[in-house]
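Input: a single structure, listed below in structure tokens.
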Amino acid sequence: QVQLVESGGGLVQAGGSLRLSCAASGRTVNVYAMGWFRQAPGKERKFVAAITWSGGSTYYGDSVKGRFTIFRDIAKNTVYLQMDSLVPEDTAVYYCAAKVTVVPGMTLPSRYSVWGQGTQVTVSS
């Protein structure tokens, strides 16, 4: 199995930036894509961004397009989420996840089988 560990969360003022990291270990050969999701208290888990591992194709949720960038370092088995122009609505626990199948549904949490522990991002106004 693959294990994921997120880091980089914290408190930042609106308009600021933050970079999240997700380090993968274990069996990563079958990972098709890595994604970022976020969940605020009492809310459903929402898609943020994803990247295919081999090809580097990227996908973004509508609420973060133009502000967030997902990228990967294959040698380090690490995926990053660069978050710029943060707003209070971005406040949530951010999770990285691994998609090991090629079935449709890049934005669906149910398509991802391995999840990290989450890292808190708080954006103050």
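Values below: all heavy atoms of this structure, side chains included; hydrogens, waters and symmetry mates excluded.
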Which heavy atom of [X] sits nearest a heavy atom of [Y], and at what distance?
X      : Y     : value
Val114 : Val2  : CG1-O, 3.1 Å
Ser85  : Ser17 : N-OG, 4.4 Å
Leu18  : Gly8  : CG-O, 3.5 Å
Ile51  : Phe71 : CD1-CA, 4.1 Å

Distance, nearest 0.5 Å, that separates [atom1] of [X] from [atom2] of [Y]:
X      : Y      : atom1 : atom2 : answer
Ser125 : Gln13  : OG    : CD    : 9.5 Å
Ser63  : Phe47  : OG    : CZ    : 10.0 Å
Arg45  : Trp115 : CZ    : CH2   : 4.0 Å
Arg19  : Thr69  : CZ    : OG1   : 9.5 Å
Leu81  : Arg38  : CG    : CZ    : 9.5 Å
Ile70  : Tyr60  : CD1   : OH    : 6.5 Å

Honestly curious: do [X] and [Y] fall in one hydrophobic cluster under the side-chain, below-4.5 Å linking rule?
X      : Y      : result
Val79  : Leu108 : no
Val31  : Val48  : yes
Val12  : Trp36  : yes
Val121 : Val64  : yes
Leu11  : Phe68  : no

Pair Leu20-Tyr80, side-chain contact (heavy atoms from CB on, under 4.5 Å): steps then yes or no: CA-CA 6 Å; Leu20 306 182; Tyr80 304 88; over 6 Å; no
Backbone N or O of [Y] within a donor-acceptor pair of the [X] side chain at under 3.5 Å?
X     : Y      : value
Arg72 : Ser54  : yes
Thr78 : Lys76  : yes
Glu6  : Gly118 : yes
Thr91 : Thr122 : no

Mind checking what makes salt bridge (charged side-chain N to carboxylate O under 4.0 Å, His left out) contact with Arg67, not counting sequence neighbours? Asp90
Other cluster members, Val87 - Ile/Leu/Val/Met/Phe/Trp/Tyr, side-chain contacts below 4.5 Å: none
Under the side chain to side chain contact (heavy atoms under 4.5 Å, CB included) rule, collect the residues that match up with Ser25, sequence neighbours excluded. Gln3
Just grab all the ring pair (Phe, Tyr, Trp, His ring centres under 6.0 Å) pairs involving residues 94-113, residues at least two apart or on different chains. Phe37-Tyr112
Suppose we screen for ring pair (Phe, Tyr, Trp, His ring centres under 6.0 Å). Which residues come up paired with Tyr59, at least two apart in sequence or across chains? none
Looking at side-chain heavy atoms only, is the closest gap between Val93 and Thr119 below 4.5 Å? no
Expected list for residues 99-107: side-chain donor-acceptor pairs under 3.5 angstrom, two or more places apart:
from	atom 1	to	atom 2	distance (Å)
Lys99	NZ	Thr101	O	2.7
Lys99	NZ	Val103	O	2.8

